[in-house]
Amino acid sequence: MPNRIDSYEFGEFLGQGSNAAVYSAKLLESKPDLPKNLGLGTGFNEVTDILADVPPARKVLGKPYPFAIKLMFNFEHDRLGEDHLWQSMGVELAPYPNAKKLLGGRMGNFQPLPGKHPNVVRVITAFVDSLKVLPDAMERYPDALHTARWYETVAAEPKTLYIVMRRYRQTLHEYVWTHDRNYWTGRILMAQLLEACTYLHKHHVSQRDMKSDNILLQYDIENEIPQLVIADFGCALASGDWNIDYECEDVSLGGNAKTRAPEISTAKPGKNVKVNFEMADTWSSGGLSYEILTRTNPFYKLLDTATYTSSDLPPLPSRVHFVARNVIYDLLERNPSKRVKPSIAATALNLSLFRLGEDVREMMKKCGISELTTSLAGKSSQIGKEINKSLDKVISLITAETIIANLAPHLVSRAERQLRATFLARMDRDNIWEALRYFFPVDEKCSQSIEHLDDDSIASLVSNLSFSDGNCSENGLSSSLNNGQRMGYNAPILLRNVIRTDSNGLNGIVHRVAATVSIVSTILFILALGDTRCLWTRVANRPFIFEGKFLASKNHFSPGFSVRFEVKSANIF
Ligand SMILES: Nc1ncnc2c1ncn2[C@@H]1O[C@H](COP(=O)(O)OP(=O)(O)OP(=O)(O)O)[C@@H](O)[C@H]1O
């Protein structure tokens with residue numbers, strides 16, 4: 001992407017804050033890039049090759065101004081050079097993995113995020129160039145221009161920093177006031193927010209200005225579930241250290257005082273005082289979750305972050321899922337050392353979103369997970385090994401369901417499929433066991449008595465547990481899940497029952513295989529039309545087979561040959 005402002009054409013004004021104005025933009029005389037290679041494989045019997053991994057062309061075409069350019073306000077047009085711009089504004093680049101190179105050491109210990117994340121604003125490039133005075137600039141931000149009346153002299157060529165980002169559709173604040181409440185969507189938004197917090201937390205970055213104007217959403221169709229990103233890192237702490245010295249009032253504690261965690265808002269400046277931001281964003285995501293589910297963040301007006309107690313928190317609507325409710329209360333725990341870690345909160349939310357059965361808790365129970373197993377997890381390696389077998393089967397099911405979801409892109413939103421991918425890419429067993437406590441609260445008495453058991457007692461406990469039977473999860477599930485005719489899991493039957501879909505009349509899962517593939521594969525597709533065939537892949541090292549029919553697609557014979565694969569059943573063996 002070019003690093004000159006002349007290479008971009010500005011579109012509409014998108015918004016402004018105290019530090020910058022943001023406009024939509026496109027490359028001058030650019031033509032939208034159509035996907036050249038549809039990314040489809042050659043073998044019709046390999047599921048992984050037919051996953052739709054490129055957006056439909058219409059979505060690419062539909063965005064005439066695909067970028068957003070943040071024009072930073074330079075209030076020091078009387079200073080020469082560029083260094084001060086990079087130094088004072090460079091922190092905005094915390095979400096940009098190339099930032100260190102770009103800054104070239106101008107910001108000392110600055111440690112930006114090392115990679116892109118689907119729930120963190122996508123920065124494409126940044127550069128310093130001449131100040132572009134747009135037609136509405138004088139009216140909207142006169143003080144940020146070199147013509148502001150207090151300058152006695154200004155640099156020969158007034159400049160500023162520009163940040164080119166992906167353009168998003170709306171802020172969270174706008175979204176909650178323009179869309180009807182939908183608690184399923186709300187939970188997906190919450191989970192995305194917590195995935196972003198998990199990523200920032202992992203890399204020691206605190207955004208420090210978590211308000212709903214700084215949470216951006218992308219969706220193409222009006223009732224689509226939005227993709228959520230955390231944006232505006234202008235107040236971020238990204239030095240690799242959670243602590244800052246707070247010796248006087250002048251030290252910045254981040255953005256809006258109303259959205260500061262209790263440990264920040266109660267800090268008093270003084271000698272050797274340090275303020276720790278490790279759990280600050282996590283706390284703020286609790287207030288934002290209220291906003292997602294009820295439109296109102298209790299800390300904007302009702303409560304004071306410095307003085308509230310947990311009993312002051314307003315009740316959440318009764319239809320809010322019990323996991324979301326408890327996660328929110330735990331996020332808003334005053335004591336940062338007792339506050340739930342963002343990764344645990346995100347995992348709990350993600351687990352609550354799986355559809356393997358009407359009730360995730362019931363499904364887990366049938367796999368042998370219970371209050372007892374969550375109490376036992378991590379207690380001894382012997383027990384751990386046994387109960388992890390049950391957990392691994394649950395994980396296989398979750399993975400299988402995700403693959404099925406990818407085969408049914410019209411049934412599961414893009415945002416949700418991305419969320420699953422994000423979650424599956426980072427999950428580990430310990431994290432899941434901790435999150436499972438939201439479904440199966442740990443029995444403290446049981447937990448304490450296990451501490452004192454000797455090896456023999458543990459062995460006998462293990463042998464008495466239902467999960468010691470390696471097949472228990474299959475048995476439990478197949479009795480409730482399968483269609484009575486075949487062994488194993490029959491996940492599509494479940495999906496058909498529980499997925500909320502507006503695709504009328506679709507029975508089972510239908511995936512369009514748009515194949516611009518070799519002639520040989522095309523012939524194979526044609527030969528397969530109408531017959532019941534199997535597609536296979538592997539899930540957690542176990543064969544995962546879809547059985548179904550190839551059907552000719554009415555509308556999609558161009559540009560390549562297209563068929564649909566209607567999945568009748570899916571089985572893990
Ligand atoms: N990538 C983007 N796509 C679409 N709109 C955006 C984008 N980035 C920012 N905006 C819009 O511009 C507004 C101002 O952006 P931003 O919050 O980054 O500015 P700021 O001056 O740093 O704000 P603050 O005063 O909170 O520090 C946002 O609230 C949003 O409405």
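We're numbering straight along the sequence, starting at 1. Each ligand, and each atom within it, is numbered from 1 in the order the structure gives.
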(message) Does the residue R166 have a heavy-atom contact with ligand 1, meaning some pair of atoms that are separated by less than 4.0 Å?
(response) yes
Please tabulate, for side-chain N and O atoms in residues 102-112, each donor-acceptor pair with protein atoms closer than 3.5 Å (sequence neighbours left out).
unit_1	atom_1	unit_2	atom_2	d
R106	NE	L103	O	3.0
R106	NH1	D83	OD1	3.2
R106	NH2	L102	O	3.2

(request) With heavy atoms only and a cut-off of under 4.0 Å, state how S18 meets ligand 1: side chain, backbone, both or neither. (result) both
(message) Can you tell me which portion of T171 lies within the under-4.0 Å heavy-atom range of ligand 1? Options are side chain, backbone, both, or neither.
(response) side chain
(request) Tell me, please: is A20 in heavy-atom contact with ligand 1, that is, under 4.0 Å? (result) yes
(request) Quick one: look at K70 and ligand 1, take heavy-atom pairs under 4.0 Å, and tell me if it's side chain, backbone, both or neither. (result) side chain
(request) List the steps and the verdict of side-chain contact (heavy atoms from CB on, under 4.5 Å) for I432 and M427. (result) CA-CA 7 Å; I432 297 188; M427 72 176 177; 3.7 Å; yes
(request) Quick one: list whatever passes ring-ring contact (aromatic ring centres under 6.0 Å, His included) with Y308, sequence neighbours left out. (result) F299
(request) Select one of side chain, backbone, both or neither to describe which atoms of L14 lie under 4.0 Å from any atom of ligand 1, heavy atoms only. (result) both
(request) Mark up the atoms of ligand 1 that fall under 4.0 Å of a heavy atom belonging to D213, in ascending order. (result) 28 (C), 29 (O)
(message) Under 4.0 Å from a heavy atom of A68: which atoms of ligand 1 are those, numbered in the order shown and with their elements?
(response) 1 (N), 2 (C), 3 (N)
(request) Verify whether one side chain among T347 and N350 offers a donor that lies under 3.5 Å from an acceptor in the other. (result) no
(message) When you compare the side chains of E195 and T422, does any donor N or O come within less than 3.5 Å of an acceptor on the partner?
(response) no
(request) Indicate, as side chain, backbone, both or neither, the part of K211 found under 4.0 angstrom from ligand 1 when only non-hydrogen atoms are considered. (result) side chain
(message) For a quick check under 3.5 Å, do S352 and R187 share a side-chain donor-acceptor pair by atom type?
(response) yes
